[in-house]
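Heads up, the thing below is written out as structure tokens.
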Amino acid sequence: MKEKTQSLQEENKELEDYIKSLEKSLDISSFKGNPLSQVKNKSRTLKTFLSRAQTALWFANSFGIELESLSVKESDTGVIHKVSCFPNSSSSLSQSSEGEDRYSSLPEDQKGKVEQILFLLDKFCVGDSFYHEISMITDSLPRSYLVKQCREHLNKMCHIEALDGHFEGGKVSSVETVFKEHISDFLKQNPDFDTINDKIKIKINGDGARMTRNSNFILLSFSILQTGESVMSAKGNRTIGIVNGTEGYQTIKVSFGSLFKEINSLIDSAKLTVDGQDLNTEFYLGGDYKFILLMLGLKGAISNYACAWCKVHKADRWNISDNYLMYNTPPMVRTLEEIREMSTTSKDNYCCDKQPLLNIPLDHIVVDELHLMLCVTDIWIENLVNECLDWDREDDLNKKKGEAKGAHLKNLIQVIRSCGVSFDVWEQKNADGKASGRYDWTSLLGSDKKILLADLPSKLINTLRPETVSTVVEVWTAFADICKVVSNWNPEKEPKQFFLKAKQWISLFLSLNGKRVGYKRN
């Protein structure tokens, strides 16, 4: 027994020596690095493993087979990696579990957390390398590969193509596909929606914005009106095109030409098949007034016939003695067909300059109420500042040298600030650095102006001239009531009461004409 044991040990020793000689001849040695789950550069470790695995499986060709890929799992984490055996492959190392497969298997709440992190990284321009390093020292943060694959997953949801013409920007490859995806999500969230009798109301939105001194962007998006208040948020809107260029008719027409062609085709058909269901559709157009005029091919807002819905002359817009039906019936009312026809003539065309870009009826075109409010309040703030400046000029004439001046303007600034809005007024300088006599003031956001509409009127009593302050306050209060009606999610279908309320407000505004600066008819 002793001799047999000794003989086996000698044979094992010979086998060990033979194995070592093979390792040496093939330049193979046991791997002495850290386990794959503990290394940062997993790609390098997987390449080393692949090289040795291919050497170990040299006999595969003798079976008439060729090794294409390997699937390996980390022993301690369970993470699976698919490794391609073709070094020239664009994805020779595919970390599926560190990617889409692993991300897709996450619970919805964890997916939401990863999406929130991705949003913050994009919003504040934080690079993947930084997040990877901080995630390695913070256990509560999702791993960087989940964030990367979340980005890839979101990118796959929309196919982006270059714009028509020479413009910089992008657009979706198929508007119909994006419509169907958004409608499908809406139907899943609203199973009680009557797909037979109701129509899916799709609103096309557009807006231009100056981003830097040398760049202007025009954004084209859409929303489903039945989604309620979400149409006012980014979540309820889907972007279908964006262009870097001046906000003009030619830019919009050329860059978004293929999008408009596809949308017009969907408008004409008035139907979409979503998840096997035939749905009736109805299209609307929205945006600020400049965008609406451009889309209709009309001239600018300061032209003689600038109204998008009727042919009233700008000198007669103040006249509200006529019934509202006059402007909504022939011959005053505009139609899409009439705009197309008049745009082909150079005389008596009521400022119809070019062909409309979308086949959406004018009664389905709605100007953005936020922009209306912004424009009106801009004029009013200017009127308040000018009234206080004029009042100060009169009072300061009799003041002695060294006495405090500009008391009324300072009081106005303090009153506006008391509403919780940051505001200031300053005098502009000439090129030589001297005072120009022209004034400028803080440009307020929409949220700030909504605050002023609600809180400022009651504080103006001791701020403006006593002869007209009550009328000015009433003008602000009446317009705030009109804004509530316009922005109401369940407005009255009969426009007569709203028209009467608007007439009363305009009459009140014009009553200050000749008494205070900025209340002219035009």
Practice problem: Please test Thr251 against Asn216 for side chain to side chain contact (heavy atoms under 4.5 Å, CB included), starting from the C-alpha separation and ending with a verdict. | Solution: CA-CA 11 Å; Thr251 302; Asn216 298 272; over 6 Å; no
Self-check item: side chain to side chain contact (heavy atoms under 4.5 Å, CB included) between Phe291 and Leu220, intermediate numbers included
Solution: CA-CA 11 Å; Phe291 180 79; Leu220 195 68; 4.0 Å; yes
Quiz item: Gln355 and Tyr249: side chain to side chain contact (heavy atoms under 4.5 Å, CB included), yes or no, with the steps?
Solution: CA-CA 10 Å; Gln355 291 286 308; Tyr249 179 87; 4.1 Å; yes
Self-check item: Audit row: Ile413, Trp441, side chain to side chain contact (heavy atoms under 4.5 Å, CB included) steps and yes/no
Solution: CA-CA 10 Å; Ile413 294 173; Trp441 46 88; over 6 Å; no
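For Val231 against Asn237, the heavy-atom pair with the smallest separation is O-ND2, 2.8 Å. The two residues Ala301 and Arg317 come nearest to each other via the heavy atoms O-NH1, 4.2 Å. Minimum interatomic distance between Asn513 and Tyr519 (heavy atoms only, all atoms of both residues): CB-O, 3.2 Å. The two residues Trp391 and Pro466 make their nearest non-hydrogen contact at CH2-CD, 4.1 Å. Here the closest heavy-atom approach between residue Asp396 and residue Gly406 is recorded as OD2-N, 3.2 Å. Heavy-atom minimum distance, Pro457 versus Leu452: CD-O, 3.3 Å.
Two residues are said to be in side-chain contact when any heavy atoms from C-beta on lie closer than 4.5 Å; Asn383 and Val472 fail this criterion. Two residues are said to be in side-chain contact when any heavy atoms from C-beta on lie closer than 4.5 Å; Leu370 and Leu374 meet this criterion. Annotation: side chain of Arg516 is not in contact with side chain of Thr471 (no heavy-atom distance under 4.5 Å). At least one side-chain heavy atom of Pro356 sits under 4.5 Å from a side-chain heavy atom of Arg340. By the 4.5 Å heavy-atom criterion applied to side chains, Asp481 and Trp505 are not counted as neighbours. No side-chain heavy atom of Asp392 sits less than 4.5 Å from a side-chain heavy atom of Lys405. Two residues are said to be in side-chain contact when any heavy atoms from C-beta on lie closer than 4.5 Å; Tyr131 and Ile117 meet this criterion. With contacts defined as side-chain heavy-atom distances shorter than 4.5 Å, the pair Asp122/Arg151 qualifies.
Between the side chains of Ser258 and Asp164, a donor-acceptor pair is found at a separation under 3.5 Å. Side chain to side chain, Thr273 and Asp278 meet the donor-acceptor criterion of an N or O pair below 3.5 Å.
Under a cut-off of 6.0 angstrom, the local environment of CG in Leu397 is crowded, with over 12 non-hydrogen atoms contributed by other residues, nucleotides or ligands. Annotation for Glu168: atom CD does not count as buried by contact number, only 12 or fewer foreign heavy atoms lying within 6.0 Å. At most 12 heavy atoms of other shown residues, nucleotides or ligands fall within 6.0 angstrom of atom NZ in Lys201. The local environment of CG in Asn462 is sparse, with at most 12 non-hydrogen atoms from other residues, nucleotides or ligands closer than 6.0 Å. The number of heavy atoms from other shown groups lying within 6.0 Å of NZ (Lys496) does not exceed 12. For Phe130, the CZ atom is loosely surrounded, since the number of other residues' heavy atoms within 6.0 Å does not exceed 12. The number of heavy-atom neighbours closer than 6.0 Å to NZ of Lys111, taken from other residues, nucleotides and ligands shown, is above 12. Environment of NZ in Lys399: crowded, with over 12 heavy atoms of neighbouring residues, nucleotides or ligands closer than 6.0 Å.
Between the Ser174 side chain and the Thr177 main chain, a donor and an acceptor come within less than 3.5 Å of each other. A distance-only check finds no donor-acceptor pair linking the side chain of Thr246 to the backbone of Gly248 [under 3.5 Å]. Using modelled atom types, one side-chain atom of Asn349 and one backbone atom of Cys352 make a donor-acceptor pair closer than 3.5 Å. Checked by atom type and distance alone, the side chain of Arg334 pairs as donor or acceptor with a backbone atom of Cys307 at under 3.5 Å. In this structure, the side chain of Tyr289 engages the main chain of Ala308 through a donor-acceptor pair within 3.5 Å. A donor-acceptor distance shorter than 3.5 angstrom exists from the side chain of Lys459 to the backbone of Ser418, with no hydrogens or angles considered. Of the possible polar contacts, one joining the Ser511 side chain to the Leu508 backbone as a donor-acceptor pair under 3.5 Å is found. A distance-only check finds a donor-acceptor pair linking the side chain of Asn264 to the backbone of Asn359 [under 3.5 Å]. One N or O on the side chain of Trp309 and one on the backbone of Leu362 form a donor-acceptor pair closer than 3.5 Å. Using a distance-only test at 3.5 Å, with no hydrogens or angles considered, no donor-acceptor pair links the side chain of Arg417 to the main chain of Ser422.
Look at Glu262 and Lys171 and you find no salt bridge, because none of the NZ, NE, NH1 or NH2 atoms lies under 4.0 Å from a carboxylate O. Taking a cutoff of 4.0 Å between a charged side-chain nitrogen and a carboxylate oxygen, Lys188 and Asp275 do not qualify as a salt bridge. Contact check on Asp185 versus Arg238 returns a salt bridge, with a Lys/Arg side-chain nitrogen under 4.0 Å from an Asp/Glu carboxylate oxygen. Salt bridge Glu176/Lys180: present, at least one basic N to carboxylate O contact under 4.0 Å.
Note that OH of Tyr305 is 8.5 Å distant from CG of Asp316, once rounded to the nearest 0.5 Å. Once rounded to the nearest 0.5 Å, the distance linking CD1 of Ile240 with OG of Ser173 reads 12.0 Å. Rounding to the nearest 0.5 Å places CD1 of Ile242 at 5.0 Å from CG of Leu219. Taking CD1 of Ile202 as the reference point, atom CD of Gln226 lies at 9.0 Å (rounded to 0.5 Å). Atoms CG and NZ, from Asp455 and Lys450 in turn, are 14.0 Å apart once rounded to the nearest 0.5 Å. To the nearest 0.5 Å, atom NZ of residue Lys434 and atom NZ of residue Lys429 are 11.5 Å apart.
In this structure, Phe186 and Phe193 have perpendicular ring planes: the angle between them is above 60°, well past the 30° mark. Between Phe179 and Phe283, the angle of the ring planes lies from 30° to 60°, which puts this pair in the tilted group.
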